[in-house]
**Q** 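Provided herewith is a single structure, encoded as structure tokens, for subsequent inquiry.
Note that this is a predicted model, so its numbers are computed, not measured. In what follows, every chain begins at residue 1, and chains take the letters A, B, ... in the order their sequences are listed.
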Amino acid sequence: MAAPELAAAELAATELAAIKPAELAAAAQQAQASPASPTPALAPFSERLIAWQRRAGRHGLPWQGTRDPYRVWLSEIMLQQTQVQTVLRYYPRFVQTLPNVQQLAQASEDQVLQLWSGLGYYSRARNLHRAAQQVVAQWGGQFPRDPQQLASLPGIGRSTAHAIAAFCFGARQSILDANVQRVMARWLAFDGDLASTAAVRSLWQQAHQLLPRQDLQRAMPAYTQGLMDLGAMVCTPRKPDCDACPLAADCRARLQQRVLHYPVKTRKLQRRALTWLWLVVRDAQGRVLLQKRPARGASGGIWAQLYCFPSFEEPAQLERFQADCGWAGLALQWQGQFRHVLTHRDLTLRPAVLQLPGAGNALPSLPGSTEQADAPAPWHWVPVAHILAGQWAVPAALLGWLRQGGL
DNA sequence: AAGTCGGGGGA
DNA sequence: TCCCCAGACTT
């Protein structure tokens with residue numbers, strides 16, 4: 001069978017509008033650019049992708065070279081909306097500290113959050129913890145192989161479930177993360193707006209059609225890795241390197257010379273400005289007061305259940321808190337302000353240091369804080385060195401301020 | 001369908 | 001600055 005015909009059949013299977021004959025001819029011509037070679041050069045999508053991954057893809061990452069569902073799962077969760085380079089700073093320490101699902105299930109939520117501190121999207125860590133407990137309780141510590149059962153675990157959606165099933169069990173299921181959406185949208189010249197569920201659903205179906213059909217135990221891990229590697233290394237958002245792409249010969253976006261037009265995704269992100277006053281209480285022993293933030297609050301759920309300095313929106317609130325704690329006579333030393341930008345918040349943080357003459361004591365109550373202290377005794381006197389050593393689950397903004405010499 | 005949730009990297 | 005990233009969950 002001539003390879004160009006096979007590629008054409010695959011395109012037809014995507015149920016897109018028919019390819020313009022000129023485009024197909026161009027693709028076939030490019031595929032057989034070498035006149036000395038009678039062998040058709042254009043192998044199927046999946047075969048080209050797998051061959052490219054083995055030759056030029058990413059190898060040797062800490063979560064590769066294993067079919068241990070625990071390690072694969074952990075990596076997939078950490079990598080959600082997070083780049084590889086960032087995860088490399090967290091993954092090794094996490095697996096070394098909690099090397100299997102049983103240990104994770106038995107760990108405290110605070111320890112899990114501490115290992116996650118600075119990585120962001122902290123609900124991932126709490127869902128990870130709960131999912132580990134479910135795996136132990138419901139499946140005796142063995143991850144289910146069925147993607148639907150995997151997706152029933154907290155924090156595991158369709159794409160992550162398919163990734164685990166493909167990497168660990170050779171399941172014939174496609175991922176559809178942002179990388180794959182871009183690769184697919186370009187190769188198919190898919191015009192649907194990926195902000196709509198209908199378009200994404202269509203892309204799911206087409207991604208499924210392109211999956212390997214043979215030798216799945218070997219093919220699926222390399223294919224899945226290849227999709228992500230291609231999106232991260234070659235088919236990048238701004239500067240795709242089409243010369244290095246194994247799919248360029250019949251990439252419809254490229255044939256249209258509109259690679260950067262895809263994927264189509266409308267989005268409107270509004271970022272609200274917010275100013276928080278931080279009360280940094282320091283005692284004579286060099287300890288500071290940390291307060292555990294509530295799960296949800298009027299100021300939004302950012303940094304929920306992390307440890308932070310008592311935070312206020314108005315100076316009067318801060319000063320009333322100061323008085324309630326019996327520190328009314330001590331001078332506040334305002335340290336200026338700095339910005340910390342999150343996806344949906346533009347935070348301005350204004351730390352005010354309050355130096356205690358003696359040791360910090362247990363506090364009778366913490367009234368007046370914007371973040372209601374509804375949990376019992378949610379405050380702690382913590383040596384600054386312990387925070388800097390990563391022993392407390394604190395937001396990156398707090399850690400960054402301390403490292404910049406805020407105290 | 002829209003809103004929410006962190007932080008870092010790169011152009 | 002702005003966009004993007006191995007998404008999932010809630011409303």
**Q** Using whole Å, what does the distance between atom C1' of nucleotide B:dA2 and atom CG of A:L194 come to?
**A**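 My rounded result for the distance is 16 Å.
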**Q** To the nearest angstrom, how far is A:L113 atom CG from B:dG7 atom P?
**A**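 My rounded result for the distance is 12 Å.
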**Q** Closer than 4.0 Å, any side-chain N/O of A:R345 to the OP1 or OP2 of B:dC5?
**A**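 It does, given that an N or O in the side chain of A:R345 lies less than 4.0 Å from OP1 or OP2 of B:dC5.
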**Q** State whether A:Q81 places a side-chain N or O below 4.0 Å from either non-bridging phosphate oxygen (OP1 or OP2) of C:dG7.
**A**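 The answer is yes; a side-chain N or O of A:Q81 sits under 4.0 Å from OP1 or OP2.
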**Q** Give the dot-bracket line for DNA chain B from 5' end to 3' end: parentheses for intra-strand Watson-Crick or G-U pairs under 3.5 Å, square brackets for crossings, | for inter-strand pairing, dots for unpaired.
**A** |||||.|||||
**Q** Using the P atom on both, measure C:dT11 against B:dG6 and round to a whole Å.
**A**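 Roughly 15 Å separates the two P atoms.
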**Q** With respect to the phosphate group of B:dG9, does any side-chain polar atom (N or O) of A:R89 fall under 4.0 Å of OP1 or OP2?
**A**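 Checking B:dG9 against A:R89, a side-chain N or O does come within under 4.0 Å of OP1 or OP2.
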**Q** Have A:D250 and A:W187 got a donor and an acceptor in their side chains that come within less than 3.5 Å?
**A**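 Yes, a side-chain donor-acceptor pair sits under 3.5 Å.
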**Q** A quick test of your reading: do over 12 heavy atoms of other residues, nucleotides or ligands sit less than 6.0 Å from CD of A:Q142?
**A**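 Counting other residues, nucleotides and ligands, CD of A:Q142 stays at 12 neighbours or fewer.
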**Q** Is the base of B:dG8 touched by the side chain of A:T82 through a donor-acceptor pair closer than 3.5 angstrom?
**A**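 Result: no qualifying N/O pair found.
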**Q** Of all residues at least two apart in sequence or in a different chain, which pass the side chain to side chain donor-acceptor pair (under 3.5 Å) check with A:R124?
**A**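 Here the qualifying residues are A:T82.
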**Q** Which is it for A:F321 and A:F312 under the ring-ring contact (aromatic ring centres under 6.0 Å, His included) test, yes or no, and what are the steps along the way?
**A** CA-CA 9 Å; A:F321 176 89; A:F312 309 86; 5.2 Å; yes
**Q** Take the protein atom CG of A:D346 and the nucleotide atom C1' of B:dG7, then report the distance between them rounded to whole Å.
**A**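 Checked: the CG to C1' distance equals 14 Å.
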**Q** Ignoring backbone atoms, test whether A:T160 places a side-chain nitrogen or oxygen under 4.0 Å from the OP1 or OP2 oxygen of C:dA8.
**A**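 For C:dA8, OP1/OP2 do have a side-chain N/O of A:T160 under 4.0 Å.
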**Q** A:V288 pairs by side-chain contact (heavy atoms from CB on, under 4.5 Å) with which of A:V281, A:I387, A:L398?
**A**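 Answer to the side-chain contact (heavy atoms from CB on, under 4.5 Å) test with A:V288 among A:V281, A:I387, A:L398: A:I387.
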**Q** Between A:R58 and A:G155, which residue's closest nucleotide on DNA chain C lies nearer the 5′ terminus?
**A**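 Result of the comparison: A:R58.
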